[in-house]
Novice: 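Below is the structure I would like to discuss, written out as structure tokens.
Just so it is clear: chains get the letters A, B, ... in the order the sequence lines come, proteins before strands, and each one is counted from 1. Predicted model, so just to flag it, every value in this text is computed and none were measured.
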Number of protein chains: 2
Amino acid sequence: MPASLGFHTHDHRSCIAEGLAAAERACRAQGLQFTPQRRRVLEILLQRHRAMGAYEILDILREDGIAAQPPVAYRALDFLTTHGFAHRIERLNAFIACSHPGAAHSPAFLICRHCDSVAETLADPARGRLGRAADAAGFTIECAVVEAEGTCPNCRGSAG
Amino acid sequence: MPASLGFHTHDHRSCIAEGLAAAERACRAQGLQFTPQRRRVLEILLQRHRAMGAYEILDILREDGIAAQPPVAYRALDFLTTHGFAHRIERLNAFIACSHPGAAHSPAFLICRHCDSVAETLADPARGRLGRAADAAGFTIECAVVEAEGTCPNCRGSAG
DNA sequence: TGCGGGGTTGATATGTTATATCAGTACATC
DNA sequence: GATGTACTGATATAACATATCAACCCCGCA
């Protein structure tokens, strides 16, 4: 069944498979352990294809029959976010599978406040006005959170 | 005693007074109630001049002799952030007094990961790469969180 | 085969941040 | 004095996150 990615419809089944395969390849290449738990959490994020709280993921792990406790979810999410297979959305205290697995990137997010869908895009925080301000202040930017909230095209007609 | 603002030393006593006065003026102009609790919380933020958690603020309110409960801090912080007298730092789950009170603005923050100091600057999230990506996706940006993490000039020499 | 080390998992407990709810109070207006 | 609105007090609970330590497993090595 198609779902929304970047607010567009796409072939979701293949995008799950590709996301998992990309992570698998990247882990093999970097000598990382893509364990069943980590794989399962990434699969959950890819399947739902939206920002999910750690405890929501935990509930799904429990439906799998695992008596999972919070650290189980947070450990897997730490791994996935550290290695760029998933991202944390600070604004939502939630996590989402990466849309550009493998590529080194500085993600930015577009969060629809009507339907809570999230699209990942690319930002260049060190460029533009922020970068100039940081330079002027003598501040070295190492990473940046960029999360825009607004209205997605699907909600624009219906919700104004 | 001078403290750091935007990583620079300044006359802190007058900046507290000016911050409170600016809030007072703005509230009068807009018909908002700048109650003692709200004033006290803003004063705490201005005095410490750094990002503070709600419970840290709560502890200080209790030192004042008030048997304050969490909603007390959150209500005051809601008021202050809604009307632009303070900002929430998502990355830190913390709050900081606004450095540009009164002016309508889209703030961005430079957060030092060594000393946790925070400088407020201005961003133009709807411009630049993010804005173009949003346009291309048909997404309307209404507000944006921009929080850069890195090394401030004071920590650059000492902490690398 | 036995040993030791690194990384992962299991399990318990706790810490931290945030909100829901409802009763009470203050003040302005009619 | 009745009414409405906004703010405050108080209790409880929800939601998010981490500390800690023991157990396990795989691997390399003697």
Novice: What is the separation between atom CG on B:L92 and atom C1' on C:dA18, rounded to the nearest whole Å?
Specialist: 16 Å
Novice: Using a cut-off of strictly less than 4.0 Å between a heavy atom of the residue and any atom of DNA chain D, enumerate the qualifying residues of residues 31-43 of chain A by number.
Specialist: none
Novice: Identify the residue among B:R48, B:R62, B:R50 that makes a salt bridge (charged side-chain N to carboxylate O under 4.0 Å, His left out) with B:E56.
Specialist: B:R50
Novice: With a 4.0 Å heavy-atom cut-off, tell me which residues in residues 65-79 of chain B come close to DNA chain D, sorted by residue number.
Specialist: B:Q69, B:P71, B:R75
Novice: Looking at A:R127, I'd like to know if its CZ atom is crowded, meaning that more than 12 non-hydrogen atoms belonging to other residues, nucleotides or ligands lie closer than 6.0 Å.
Specialist: no
Novice: Within the distance-only criterion (no hydrogens, no angle test), does the side chain of A:R113 pair as donor or acceptor with the backbone N or O of A:T151 below 3.5 angstrom?
Specialist: no
Novice: Who are the ring-ring contact (aromatic ring centres under 6.0 Å, His included) partners of B:F109, not counting sequence neighbours?
Specialist: B:H87
Novice: How would you list, by chain and number, every residue that makes a salt bridge (Lys or Arg N to Asp or Glu O under 4.0 Å) with A:R75, sequence neighbours excluded?
Specialist: none
Novice: Give the first and the last nucleotide of DNA chain D, reading 5' to 3', that has any atom under 4.0 Å from a heavy atom of chain A.
Specialist: D:dC16 to D:dT20
Novice: Do A:H100 and A:E120 get their side chains close enough for a donor-acceptor pair, meaning under 3.5 Å?
Specialist: yes
Novice: Quick check on the hydrophobic clustering: are A:I16 and A:L45 connected, directly or via other members, by side-chain heavy-atom contacts under 4.5 Å?
Specialist: yes
Novice: Starting from the 5' end of DNA chain D, give me the residue, B:Y55 or B:N93, whose nearest nucleotide shows up first.
Specialist: B:Y55
Novice: Give a yes or no on whether B:V145 and B:L77 share a hydrophobic cluster (residues Ile, Leu, Val, Met, Phe, Trp, Tyr; joining criterion: side-chain heavy atoms under 4.5 Å apart).
Specialist: no
Novice: Please state how far atom CG in A:L61 lies from atom C1' in C:dG10, giving the value in whole angstrom units.
Specialist: 14 Å
Novice: Assigning hydrophobic clusters by single linkage (Ile, Leu, Val, Met, Phe, Trp, Tyr; side-chain heavy-atom cutoff under 4.5 Å), is A:V146 placed with A:L122?
Specialist: no
Novice: Taking atom P of C:dT8 as reference, at what distance in whole Å does atom CG of A:L80 sit?
Specialist: 12 Å
Novice: In a table with atom names and distances, give each donor-acceptor pair under 3.5 Å that connects a side chain of residues 91-98 of chain B to protein atoms at least two apart or in another chain.
Specialist:
unit_1	atom_1	unit_2	atom_2	d
B:R91	NE	B:E149	OE1	3.2
B:R91	NH1	B:E149	OE1	3.4
B:R91	NH2	B:E149	OE1	2.9
B:N93	OD1	B:R88	NH2	3.1

